[in-house]
**Student:** 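This is the structure I have questions about; it appears just below.
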Amino acid sequence: MTAASASPPGKLNLLGLDRTGMEAFFVEQLGEKRFRAHQVMKWIYHRFADDFEAMTDLGKGLRTKLSALAEVRVPTALVDQQSVDGTRKWLLSLDGGNGIETVYIPEPTRGTLCVSSQVGCGLNCRFCATAKQGFNRNLSTAEVIGQVWHAARELGHLTHQVRRITNVVMMGMGEPLLNFDNVVPAMNLMRDDFGFGLASKRVTLSTAGLVPMIDRLSEAADVSLAVSLHAPDDDLRDRLVPLNRKYPIAELLAACQRYQAKRPRSSITFEYTLMKGVNDGEAQARALVKLLRKVPSKLNLIPFNPFPGTEFERSDPEVIARFQQIVFDAGIITTLRRTRGDDIDAACGQLAGKVQDRTRRSADFRREVEARSRDAA
Ligand code: SAH
C-alpha cells in the first residue's frame, strides 16, 4: 500500500484546491473567514507545512476542526536521482502502485521544473517513449501541484530563501489538455501569490495540438503555450503525431492565433524534435519558416532523445546547426534545447520506460508480498 492510499478515507485533500476552492471550503463548509483560506495556503505553499498542528496562527479550535475534515496529503518520493549536470529527477508514488516522474533542470539564470499531467499518454506520438506505455489515468490536481510542492521543498525553497524553481513546464508525461479540469487549478496554484507566485510567462502548458481545448485554455488560464509541431506539412505530421489527422496544421495555427489574440501577454513556442532523415532537411526548415511567419512565436528545437525500441535517430550536429541557421536567418527566435539528464533518463520523451519498469517491478513486489502473507496466514 502506498503512503497516499494509506491515509484515512473521506478527508478532503487541501492540496487539490486552488484559491477559489480553498475559499469556498473555508467560508461555505467551515463557516470561517476568507482570510483563513489564504493563511492555510501560505502554510502549505510557502512554508511546506503538511500538518495542521504546525499552523500556529490558526487557533486550536480551527486546527482541530481541520484535522477532522481535511488533510494535506503530499507525495512521497520512491526514487531521487541526480545527474552529473545537476538535473534532478524524482519518481513519486501514486495510488495503485503507479509512479510519476518530475524533472528539475537548473541553468545559470533559471530553474525549470518539468511536470507530468497523466500516467502514460493516449496520443501515440510515434517518437515518444511515454506513448509506448499507453494511457493509464489522469493525475488529480493534488498530484500535479504535488510535484511542484515536493520539488520546491526538496530544493530548499524554505531553508535557502531563494526561488530555485523559476519556471514550470507541463512537458512531462501525458497530454495536459486531456486532463483540463485537474490541470487548470494546478496551474492556478503555480501562478497564485498564495501558491508559487510564478508569472504567466513562466508557466507553460505544452500540447500536441488539441484545437478546441486550446480555445478553452485561453478562457480559463493565463499561461504560456507550447505546441509540439515536429513537422512542416500534414503528411509527415499525420505520421509523427496522429492527432494531426483530426486537427491539421492550418487549424492548429489558427487556434494559436486566437490564443495570442486572447492572451497577448503570454508567449507561444513551437517545439520541433529533430529526427535524422525524417524532419531535419533544409527544405523542411524553409517550409517551417513559412508556417511560423503566420504566428509570432519562438521555435524550440529538440534533438531527438532515443529510447529502447525506437525506430528514430537523433539528427547529426551539423544538420541540426544548418536547420537552426535557416530558421534563424529568417528572423525567428530559435533555441536549441541542450540535452540534459541523459544519464538518468530525464530528457524529453524519455520519461516512461523506467517508470513502467519500476511500476511493473513494484507490482511484482506487491504480488510477492501478498503471496507471502497468504502463505504465512
Ligand atoms: N503531450 C504534450 C507534452 C509532453 S511532451 C505535448 O505533446 O506537447 C514534451 C515534448 O517532448 C513534446 O514536444 C514532445 O513531442 C517531445 N518529445 C517526445 N518524445 C521525444 C523524444 N524522444 N525526443 C525528444 N523530444 C521528444
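Just so you know, ligand 1 is whichever comes first in the structure, and atom 1 is the first atom listed for that ligand.
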**Student:** Output the list of atoms in ligand 1 that are nearer than 4.0 Å to some heavy atom of T207, sorted by atom number.
**Tutor:**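 Answer for ligand 1: 6 (C), 7 (O), 8 (O).
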**Student:** I'd like to know if the side chain of N300 pairs up with that of E271 as donor and acceptor (distance under 3.5 Å, no hydrogens or angles considered).
**Tutor:**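 Per modelled atom types, N300 and E271 side chains form no pair under 3.5 Å.
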**Student:** Should the proximity of E175 to ligand 1, defined as any heavy atom under 4.0 Å, be assigned to the side chain, the backbone, both, or neither?
**Tutor:**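 Under 4.0 Å from ligand 1, E175 contributes backbone and side-chain atoms.
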**Student:** Would you say D280 and S315 are linked by a side-chain donor-acceptor pair, where the criterion is simply a distance under 3.5 Å?
**Tutor:**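 Side chains of S315 and D280: pair found under 3.5 Å.
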**Student:** Where on L123 is there a heavy atom closer than 4.0 Å to ligand 1, on the side chain, on the backbone, on both, or on neither?
**Tutor:**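 It is neither; nothing of L123 touches ligand 1.
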**Student:** I want to confirm something. Looking only at heavy atoms, which of R314, R126, H230 is nearest to atom 15 (O) of ligand 1?
**Tutor:**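 It is H230 whose heavy atom sits nearest to atom 15 (O) of ligand 1.
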**Student:** Run the salt bridge (Lys or Arg N to Asp or Glu O under 4.0 Å) test on E23 and K33 for me, step by step, so that the C-alpha distance in whole Å, both residues' side-chain angles and the decisive distance to 0.1 Å come before the verdict.
**Tutor:** CA-CA 8 Å; E23 286 177 353; K33 293 265 188 324; over 6 Å; no
**Student:** May I ask you to check if ligand 1 and P303 share an N or O to N or O distance below 3.5 Å?
**Tutor:**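 In fact, backbone or side chain, P303 has no N or O that close.
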**Student:** Of all the atoms in ligand 1, which lie at a distance below 4.0 Å from a heavy atom belonging to I302?
**Tutor:**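 Here the atoms of ligand 1 in question are 24 (C), 25 (N).
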**Student:** Quick check on contacts: which atoms of ligand 1 are under 4.0 angstrom from a heavy atom of A208?
**Tutor:**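 Once the distances to A208 are compared, the set is 6 (C), 7 (O), 8 (O).
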**Student:** Which of the numbered atoms in ligand 1 are below 4.0 angstrom from a heavy atom of E271?
**Tutor:**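 By the 4.0 Å cutoff, the relevant atoms are 10 (C), 12 (C), 13 (O).
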**Student:** Kindly confirm or rule out an N or O of G174 lying under 3.5 angstrom from an N or O of ligand 1.
**Tutor:**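 The answer is yes, given that G174 and ligand 1 share an N or O pair closer than 3.5 Å.
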**Student:** For C128, counting its heavy atoms only, list the atoms of ligand 1 lying under 4.0 Å from any of them.
**Tutor:**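 Under 4.0 Å from C128, ligand 1 has these atoms: 18 (C), 19 (N).
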**Student:** Does ligand 1 have an atom under 4.0 Å from some heavy atom of G172?
**Tutor:**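 Contact check G172 vs ligand 1: positive.
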**Student:** Looking only at side-chain N and O atoms, does Q325 offer a donor or acceptor that is under 3.5 Å from a partner on R322?
**Tutor:**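 No donor-acceptor contact under 3.5 Å links the two side chains.
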**Student:** Just wondering, do V227 and C256 contact through their side chains at under 4.5 Å, heavy atoms?
**Tutor:**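 A side-chain contact exists here, since the closest heavy-atom pair is under 4.5 Å.
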**Student:** Whether R216 engages the ring of F180 as a cation-pi pair (distance to the six-membered ring centre under 6.0 angstrom, angle to the ring normal within 45°) should be assessed.
**Tutor:**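 Judged by the rule (NZ or CZ under 6.0 Å from the ring centre, within 45° of its axis), R216 counts as positioned above F180.
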**Student:** Quick check against the 3.5 Å criterion: does T204 have a side-chain atom that pairs as donor or acceptor with the backbone of L225?
**Tutor:**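 Checking the backbone N and O of L225 against the side chain of T204, no donor-acceptor pair under 3.5 Å is found.
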**Student:** Can you tell me which portion of F312 lies within the under-4.0 Å heavy-atom range of ligand 1? Options are side chain, backbone, both, or neither.
**Tutor:**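 Under 4.0 Å from ligand 1, F312 contributes no heavy atoms.
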**Student:** Looking only at side-chain N and O atoms, does N167 offer a donor or acceptor that is under 3.5 Å from a partner on R202?
**Tutor:**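 Per modelled atom types, R202 and N167 side chains form a pair under 3.5 Å.
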**Student:** What's the shortest heavy-atom distance between E175 and Q118, and which atoms?
**Tutor:**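 Looks like N-OE1, 2.9 Å.
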**Student:** Pairs of nitrogen or oxygen atoms closer than 3.5 Å, one from N305 and one from ligand 1: do any exist?
**Tutor:**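 Among all N and O atoms of N305, at least one is under 3.5 Å from an N or O of ligand 1.
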